[in-house]
Asks: 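Below is a structure I'd like to ask you about.
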Amino acid sequence: MNQKIISNDFVIRFAGEGGQGLVTSADAAAKAASRSGYYCQTFSTFPSQIMGGPASSQVRISTTQVLSSGDFVDVLVVLNQYAFDNHIQDLNQENGVCIYNAQDCVPSGEGNYFGIDADKLAKESGNTRAANMVILGAVAKLIDFKLESIESFIKDRFSRGRPGDEEIIKSNIIALSSGAKVAEKSGFNVGSLAPSKPPKHDQIIISGNAALSLGATSAGLDSYYGYPISPATTILVWMEQNLVQKDKFVFQVSSEIEAINNVIGAGFSGKKAMTATAGPGLSLMSEGIGLAWMAEIPCVIVDVQRGGPATGLPTKSEQSDLFACMFPAHGDVRLPILAPGTVEECFIIGGLALNWAERYQGPVIIMSEFSLADRSENIKKPILSNVIDERRNSKSSDNGFKRYQSLGKNGELSAMPIPGNQAAYVANGSEHDEIGDTTHLPKHHIRLTERRFGKLSLLNDAHFEIENTSSEIVIMPWGSSKGVAREAYEKLISDNLNIGWIYSICLNPLPKEVLNELRLKKIVIVPELNYQGQWSSIMRMDGINAVSVTQYTGLPFKPSELAEKIREKIKQTMEV
Amino acid sequence: MNQKIISNDFVIRFAGEGGQGLVTSADAAAKAASRSGYYCQTFSTFPSQIMGGPASSQVRISTTQVLSSGDFVDVLVVLNQYAFDNHIQDLNQENGVCIYNAQDCVPSGEGNYFGIDADKLAKESGNTRAANMVILGAVAKLIDFKLESIESFIKDRFSRGRPGDEEIIKSNIIALSSGAKVAEKSGFNVGSLAPSKPPKHDQIIISGNAALSLGATSAGLDSYYGYPISPATTILVWMEQNLVQKDKFVFQVSSEIEAINNVIGAGFSGKKAMTATAGPGLSLMSEGIGLAWMAEIPCVIVDVQRGGPATGLPTKSEQSDLFACMFPAHGDVRLPILAPGTVEECFIIGGLALNWAERYQGPVIIMSEFSLADRSENIKKPILSNVIDERRNSKSSDNGFKRYQSLGKNGELSAMPIPGNQAAYVANGSEHDEIGDTTHLPKHHIRLTERRFGKLSLLNDAHFEIENTSSEIVIMPWGSSKGVAREAYEKLISDNLNIGWIYSICLNPLPKEVLNELRLKKIVIVPELNYQGQWSSIMRMDGINAVSVTQYTGLPFKPSELAEKIREKIKQTMEV
Amino acid sequence: MSERNQEYDFKWCPGCGDFGVKRALEMAINTFTEEFEIPRTSNVIVAGIGCSGNMVHLIDGEQPFGIHGIHGRSLPIAFGISSSRPDLNTIVVAGDGDFLSIGGEHIAPSAYRNPNITCIVMDNGVYGLTKGQSSPTSETGQITTSTPFGKLERKMNPLELYLTYGVSFIASHYSSKPKLLSDFILEAMKHKGMSIVHVQSPCTTYNDTYDILKGDRKKGIPGTAFIIDENHDPTDYDKAKALVAQEGVPLGLIYRKEPATINELQNKLIMDNPSKNVEDILSSYSI
Amino acid sequence: MSERNQEYDFKWCPGCGDFGVKRALEMAINTFTEEFEIPRTSNVIVAGIGCSGNMVHLIDGEQPFGIHGIHGRSLPIAFGISSSRPDLNTIVVAGDGDFLSIGGEHIAPSAYRNPNITCIVMDNGVYGLTKGQSSPTSETGQITTSTPFGKLERKMNPLELYLTYGVSFIASHYSSKPKLLSDFILEAMKHKGMSIVHVQSPCTTYNDTYDILKGDRKKGIPGTAFIIDENHDPTDYDKAKALVAQEGVPLGLIYRKEPATINELQNKLIMDNPSKNVEDILSSYSI
Ligand SMILES: Cc1ncc(C[n+]2csc(CCOP(=O)(O)OP(=O)(O)O)c2C)c(N)n1
Ligand SMILES: Cc1ncc(C[n+]2csc(CCOP(=O)(O)OP(=O)(O)O)c2C)c(N)n1
Ligand code: SF4
Ligand code: SF4
Ligand SMILES: [Mg+2]
Ligand SMILES: [Mg+2]
C-alpha cells in the first residue's frame, strides 16, 4: 500500500449536495493542474433543482489529452452519507481512496477510507470559508500533486488588490497544508501523478458552451436571440455578457418560437444570427426551421441535447435528438448538421455553422450535448486571425431579382440580396418562382425542391477522420461520444483488434470521402447515447451497414464498458 | 369515329376558374352515376385563393371500384382559354372529346372539340342558373349515359317542398336535354358506358375527410379541438356541425399548440380526443406530441398532408410528412402511424386510431392526404353496430397508483386511472417513477424507455394485404398512393411481370407478418409522393431492401406513368 | 420531499415562497373537497415547468390527480380537461415565466371562453428553475443572469392584463400568509368560470423580495404589499382597473363577475339544437 | 395579378377590402421613401399567412423587399429584422387571425420592447383564406363555417389590448378611404417605436361588413365607423382608453407616445459599458 505507483492519469470526484461548491472544487483542481501543464476535463451531474439534491463534480487530470471522464474514481471526496452510498462503487478497486466528511458520513464496511473534518480545520486556519482548500490539500497529497502549484494558484486568484487579500491567501494556504497533513497521516496514497508534459502552444480552459459562443462570435456573429433552457442557458448568458458591441444585438425573447423567427428575420436582413436551445425548444422551433429551409434564410440553431423526450431529463446526457434535428419539420427537409465531439470542436463549429449558413443560404443545426457543453477542458488557445468570417454572396443587380434560380453548372447559388440594396425579392415559405412569388405549378416545385437539396453539396469542408482503412470493421461515434469512443477504440486496437476509425463532425451532408469509405465496410459500429440507435438508422437509410451500441441511462459511456460492448457487438454481428 | 366503343370507365373533367361551380358539376355527375349503380371517384385541384384562379374538378365513373383518377380525360369541359391550353394535353388521344365554352375560348388547332353556349341555352330553358345542366346533358350524351337517371337525380334534388320546385325541375330537365342535343349534333362521341353492375350492399357517397370524421364519431369520439388549415379544415367544420351532443365537446381554438395540449388534457381526463391539422400545424404540435408520448396520454392527431415544406403547397398533393410524423419530437420517440389508402379506410382508421390510443395509452397519428381527403367516392355503407368503441383499461385500485409499471409478462399494460376515481397519479413529461413522480435515475429512464417502445406491440390488428408471395419483387405503396399503385400493379401483372403486392394501413409498428415478408424480398418498390423517398428510407432503417419511385409535382401519380416508372426501377435495380 | 418518492425528488430552496403557496393550496383543496363532498381524486392539478410547477408532486396527504406537462402549456391542457370533464376541479399551478411569457398567449383566449379553471400563478419575478433569468415581471433595470447590465424592456402588469382580457375572477396575494391566501384559492375554486389567484412568491435564491413586499418596520420602510380596502367592490370593473393601476401589490379579491362558462354555453346550444346521432349523420351520405 | 408573375398568382375576390389597404400602403411607402430619401429597397414587408398576407406580392411599382413567412409569426420575424437592421423601414401586414389568434402571443412582449416596426392589421372578422371560420374579432353569435350554431365566446377588442400592452402608436381605420388611411400608415412609419394601424378590411365573400361600417343613409341606419373627434388628445392615455371602450370603429389616431426604442436602449447600454472585443474575451479564458 505504501509503494507509490506512478500514473499518467487520475480521476478526482467531489460528491455531495447541490450548493456545496462541488463544481467550484473540481474547477479549482482543473485550473491548478492545467497551470502546471496537465490536461484536464471536468464532468458534473446534478438534479434539476436549484439547491440540494444529490450532485457530483469531478476532474480527470492527465499528462496527455483527456478523452473521457474515465472508468473509475481514484480519489473520491464524499460530503454526506448518500454520496458515499451512491459513489463508492465507482472507486478504483486497486488504489482508489475515499475521503469522507467526518461530520456527515459514516462509511459502511472496510476500505481505503478516511475522514476529515474540513470545517474544523478551516476554522483553525482562520478562514471558515476555506473548507474546500482543506479538502483540496488532502486530495493533492494523495496523488503527490505539488502543493506549491496550488499555492501559486491561490495567490493569483486572491490577489485582487483589496486590503484583506494577504490574509485570505495566508489562511487558504494554511488550510491547504492542514488538509495535506491529514491525508499524509491517514497512510493512504493513490499513487504519484507523473510529471506533466506541457504543450508548446498557449492554452485556455473553457467549457463547451463558452467555446461554442466564442467561436461564433469570432466568426462574426451579429445577432443572438434566445430563451433560457438547460443546458443551453449558459450560451444565452454568455451572449448577454459578451455580445454587447456596436451593431450587434442580443436579446432574451419570450419563447423559442419567437427566437427561431427572430433569427430568420435577422438572417434575412443580412446578419449572421444564432439561437441556442435544448430538445423542448427545438421541438417548438420545428415550424420555423422548416420556413428557414423553404425560404432559404441563413441562421444557426444550436441544440444542446439533454435526456428526452418532452421535459425528459433536463440535466442528464443523451444524444437522442438526431432524428428531430435531421428532419425537423413537415415536408421534404433534411438539415445540415454539425456535431462537435470535443470542446475544441465546439469552438470551430460555432464559426463554421455560421459560415455554412451564409454559404448555402439556409439554416444549419449544431448538435451539442449536456456533458460536452457543461464540462471544462484546457484546449489550445485559438488564433483569432485564423478564423474565417464568410459572408453570403449578395451581389445585387436589378430589381425583380432572380434569387431562387436553379443551381449553376458548378453548383453555384444565385446571390441573396440584402435589404437596403438593389434587387428586391420576396423570401417565401410558400412554393415560389425565381423572384419568390407564390406558385404551385409542378415545374417550380420540382425545380426548387432540387435546388434546396442540391445546394447541400456546397457544405464540403468540415473536419473528418479516417484511420486504418484496411479493416472491415469500423467504429464511428458522433458528437459528444467521440472522446470516450476514441479511448475505447485505442483500448481495442492495443488488444490487437483490426478495426478502423471514422469520425465526421458533419452528419449531414456526410463528406464524400467518408460516405465512400463507410459504404465499403462490413460493419460500422456506432456508439451512441439513445435507445433507437438513431445515427446508425440514418446511415442504414443511406446504404451503410451500420449498427449501434446504445446506452440510455442519462449518463455518458464509460470507456472500458464501451470497449466491452463494442467487442460484444463485433462478435454478434460477425456470427450472423 | 361514329362507331361506339363500349367502355367500363370514363373520366370527365371540368376545368375553368375557382368559383365557377366545377366541383359542384363533378359531384353532381358522381351522384347521378352512383345512383345508377356505377362506382365513382372525384378529384379536384385549385389554387390557394378563394375565388378565381385556374381550377378543375373531375369524376371517374366506372363499372368497378375506381382506383385512381386515371391517366387521361375522356370528356374535357373547359370554361376558358387558360383551361383549354392547360388541360387539352390530358385529353385521351383516341376517343376523347373536349367541350368548350364558346363564349370564352377559341380552341387552337384541330381536334375533337366542339363549342357550346351554355349560358344562352340555360336562359332559353327558362333558368339562367342551369348552365351546369346544359353541360351535364352534353357530357352524358357523349358517353351514352341515360338522361333519365340524371332527370331522376334532378327531381330528388329539387323536390324540397317549396312552391317553385316544379318549375325548377322542369327547366333543369329542359337544359339537360338541350345540352344533349348540341352534343348529338356535334357528331362526336366518346363511347358507351357499359351497363353498371351495382353492388349488393348499401352505399354512401362521401369524402375522405367526412369518412374519417364519421368513423371517429362512430367509435365514440368525445372531444375535438382544432384550428383551421387546408386540407384539414373540413374535419373541424364537420365536427362543429355534428359533434353537438350531450357530454361531447368541440371547439375551434386559438392555434395548433393549443389544440394538441387540449387533446392531451381531454385524453388524460378519460375521454377519446382528436385534433386534425396539416403540415404547418403538425410542426407546431411537435412538443405536445412528445409530451403525449412521454406522459402516455391517449389522443389522436390527424395530419392531412399537403405539399411542403413550410406553407408549401396548401392545396396540392404530397406524402412528405412521414419523417415528421414518425419522429415528431426530440428524444427517443416513434409514433404509431395509420395511413388510409381509400375513403373506406378513412372511415375505418378514424375509429381504429382512437381505439389504439386507448389501448396503448398514447398518441396515434393518422396520415391522410389532400387528394384522398378531398375526393368523394361511393363506398359500402358502414354497419355502425360493427364499429368497436374500445376504452382504456382504467381499473382503479388504491391511491398512489403504480400507473407506469413495466409491461407484464404478456405485454400487458398497467391501468390508466381516470380522474374522479380511485388511484391518483401524476402524468409526467419529465422522466418518472411508477407513480409519475420525477426521477432521473438511470434505472427508471431505462425501464420507462423500454415500456414506451414495448407497448407498441399491442397495436397488432390493423388491416394489411400480402399477395403473390412467390415473387422476389414487391410493390408496397402507402397511404393515398394505394389505389393508383394498385392500378399500376394490375397493369404490370397483366403484362406478366412476376411481382408481388404488400400493403399495410399501419406504418408503425409494421405488422409482424408484413415485416417478415418484406425482409425476404430482393426489392421492395415504394411509389410515394415525396422527394426523399421517405417510406423506403424508413424501411431501410428496419433492414428492408426498399427503393422508392418518387414524384414531387404536387399532383398524384397517374397509373400508366407509375407502371412505367416501376418497370424502369425494376430494370435498374436488377441490373446493379 | 414527498412521502411517496423517497429516492429522489425535487426540493425547493429554504425559504422559497412556494412552500407557503403549497400549504395554502392544500388547505383549499381539503376544504373544497369536504364542502362539496367530492372524491379527493376529482381535484386535478395541472402544473407548468419551473420550480413552482413541482408543486404537483409535493401535495401532502391523499393525492389528487396531476399532470406535469411542458413549459407554458398548463392552461390549454387544463382547458382540455375542464371542457371535457366539467365535473372535475381543475387547478393550474405555474410560475410567472411559464404562465406569462411562453404561456402568455393562452390567457386571453381562455378568458373569452371562461372555462371553469382555477389558476394559481407563483410570481417571483424571475426564472427560478433555469437559475435566475429575467421574466416579464422582473423590474426594468433589474440585474439577472440574462440581463447583466439590467433589464431593458418594460415590466408587465399581469393583473391589469387579466382584467383587460376579462378573466372573471381575479385575486392577488403573497405567499407569506398561507391561511389568508388559501381563502382566496378556495373562493377561486368555487367560482364558476376562469379564476386567477396571482401570488407573489419570492425566490430566495435569485430574487428575494420578502423585504420589499413586507417593508422594514424598524427602518420605517413600508412594504409594497397592501391589503385591499374593505370598501373595494370587486364587481365594479372600473374600480378594479383603478386598483391594479396603483403602485404595489394588492392583497385580496380584485374582481369577480359570473358570466356563463363555455360548458354552460355549449350545453345550451345542444339543448337548443336537434341532437344528432351517428345513424342520422351516416344516412345523410346515402346515395 | 402582379406584373412580375404572369403565370400564376394570388387574387383577392372582387371588392375585398385588402385592395384599399394595398393602395394606402403603396402611397405611404412612396411618400416615406421620397421624404426620407432612402432606397425603396429599404422598405421590408413582413407578411402573415392569410388573404391579407398576399399583399407582399402585389405591391405595384419598384419592389420593396419582402418576406412571406408562416402563420402568426410576422411580428417575431419583423423583430429580428428591425432589431438587427434599425435602418430599415420594417412593415408587418397581417390578418386578424394571423395577428390576433395564433400570433397574438407576440404583441405584448413586442410592445414592452418598443421596436421600430409598423404593423398593418387587416381585420375582416373572419378567416378568409381558409374559407370563413370565426376569428377573435368575429361577433359573439356570428354564424361562420366553424360556428354553424353561432360563435360562443366573447369577441376581442384589439384596440383595447394594444393600449393595455403599451403599444406606442395606435391608429384605427377602414379600407374604404385609401388616401386617409395612407396618412396614418405614413405617420406610423415615421413613428419611432412600435406602431399598429388596425384596419377594418371587409371580406366580401365570408363577412361583408361594408354596410355595417358605413351604415345605410337611405334607411337612416348609421354606420359603426366614426371619425375620431378632432379634440381627441392622442397623448392622453386615459382618453384613449375611453375612446376604445366606445361602441363602433373609430377612424384616426388613438394613441401615441415616444418612449425609447429597444435599439436606442441597447445602444445606450453599449455606450455606458466597456465594449468587449473578441481578443479580450478570449484572454479571460487563459489558464
Ligand atoms: C419549451 C421550453 N423552454 C424552456 C424550458 C426551460 N425552463 C424550465 S423552467 C423555465 C422557467 C421557469 O420560470 P418560472 O415559470 O417563472 O418558474 P419558477 O422556476 O420561477 O417557479 C424555463 C425557461 C423548458 N422546459 N421548455
Ligand atoms: C400553423 C398554421 N395554421 C393554420 C394555417 C392555415 N391558415 C392559413 S390562413 C389562416 C387564417 C387566415 O385568417 P386571417 O389571418 O384573418 O387572414 P385573412 O385570410 O382573413 O386575410 C389559417 C388558419 C397555416 N397556414 N399555418
Ligand atoms: S430557485 Fe427560487 S423559486 Fe426555485 S426553489 Fe429556489 S427559491 Fe424557490
Ligand atoms: S375571401 Fe375575403 S378576405 Fe379573402 S380575398 Fe376574398 S374577400 Fe378578401
Ligand atoms: Mg418565476
Ligand atoms: Mg381575417
Side-chain angles (χ1 to χ4, degrees), chain A residues 17-19 23 45-55 82 85-86 224-244 249-259 276-281 283-285 306 308-316 554, chain C residues 1 6-16 18 47-54 57-58 67-73 96-98 100-106 124 126-136 138 143-153 156 203-207:
Chain A
E17 284 228 336
V23 175
T45 164
F46 38 81
S48 76
Q49 80 187 50
I50 304 308
M51 276 188 172
Y82 185 92
D85 295 343
N86 283 274
Y224 184 92
Y225 307 84
Y227 189 75
I229 186 166
S230 310
T233 308
T234 45
I235 298 179
L236 169 66
V237 168
W238 194 100
M239 293 295 171
E240 291 279 5
Q241 272 163 349
N242 293 306
L243 202 67
V244 183
F249 193 83
V250 49
F251 210 74
Q252 174 188 335
V253 292
S254 64
S255 74
E256 290 87 352
I257 293 197
E258 232 217 294
T277 187
S283 286
L284 274 175
M285 291 183 182
R306 58 193 218 179
T311 303
L313 300 88
T315 58
K316 299 290 165 198
Chain C
M1 190 175 309
Q6 298 277 2
E7 208 164 32
Y8 188 56
D9 212 331
F10 185 90
K11 268 191 234 172
W12 287 310
C13 310
C16 176
D18 296 350
I49 304 294
C51 296
S52 39
N54 281 281
H57 303 286
L58 301 174
I67 174 162
H68 200 176
I70 43 181
H71 191 42
R73 311 303 166 192
D96 48 329
D98 190 281
L100 300 173
S101 178
I102 192 169
E105 67 189 276
H106 303 297
N124 52 14
V126 79
Y127 285 18
L129 191 58
T130 46
K131 311 204 164 180
Q133 295 77 37
S134 79
S135 95
S138 304
I143 308 277
T144 70
T145 57
S146 61
T147 56
F149 305 101
K151 169 171 157 171
L152 293 178
E153 71 268 41
M156 176 191 276
C203 169
T204 41
T205 302
Y206 297 111
N207 191 27

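As the structure is a computational prediction, the values presented were derived from the model and not from experiment. Labels below follow one simple rule: chain letters A, B, ... track the order of the sequence lines, proteins then strands, and each chain is numbered from 1.
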Asks: Run the numbers on A:Gln252 and C:Glu153 for side chain to side chain contact (heavy atoms under 4.5 Å, CB included), then give the verdict.
Replies: CA-CA 10 Å; A:Gln252 174 188 335; C:Glu153 71 268 41; over 6 Å; no
Asks: Side chain to side chain contact (heavy atoms under 4.5 Å, CB included) with C:Thr205: which residues, sequence neighbours excluded?
Replies: A:Ile50, A:Met51, C:Cys13, C:Cys203
Asks: Which atoms of C:Ile70 are under 4.5 Å from chain A, going by heavy atoms: the side chain, the backbone, both sets, or neither?
Replies: both
Asks: Of the backbone (N, CA, C, O) and the side chain (C-beta and beyond), which part of A:Val244 lies under 4.5 Å from a heavy atom of chain C, both, or neither?
Replies: side chain
Asks: Between A:Leu284 and chain C, with a heavy-atom cut-off of 4.5 Å, which part of the residue counts as in contact: side chain, backbone, both or neither?
Replies: side chain
Asks: Please examine the side chains of C:His71 and A:Glu256, heavy atoms only from C-beta on, and report whether any two atoms are closer than 4.5 Å.
Replies: no
Asks: Between the side chains of C:Ser146 and A:Glu240, is a donor N or O closer than 3.5 angstrom to an acceptor N or O?
Replies: no
Asks: How long is the span from the NE2 atom in C:His68 to the OG1 atom in A:Thr311, to the nearest 0.5 Å?
Replies: 6.5 Å
Asks: Distance from A:Gln241 atom CD to C:Thr147 atom OG1, nearest 0.5 Å?
Replies: 10.5 Å
Asks: Against chain A, label C:Thr144 side chain, backbone, both or neither, depending on which of its atoms sit under 4.5 Å from a heavy atom there.
Replies: neither
Asks: Quick one: pull up CG in A:Leu236 and CD in C:Gln133 and give me the separation to the nearest 0.5 Å.
Replies: 6.5 Å
Asks: With only heavy atoms counted, which part of C:Glu105 is less than 4.5 Å from chain A, the side chain, the backbone, both or neither?
Replies: neither
Asks: Among the options A:Pro228, A:Ser255, A:Ala310, pick out the one with the most heavy-atom pairs lying under 4.5 Å from chain C.
Replies: A:Pro228
Asks: Can any side-chain N or O of A:Ser254 pair as donor or acceptor with the backbone N or O of C:Ile102 at less than 3.5 Å?
Replies: no
Asks: Tell me whether the NZ or CZ atom of C:Lys151 lies within the 45° cone about the ring axis of A:Phe251 and under 6.0 Å from its centre.
Replies: no
Asks: Can you classify the ring geometry of A:Tyr227 versus C:Tyr127 as parallel (below 30°), tilted (30 to 60°) or perpendicular (above 60°)?
Replies: perpendicular
Asks: For chain A, which of C:Ser101, C:Gly103, C:Gly128 has the most heavy-atom pairs under 4.5 Å?
Replies: C:Ser101
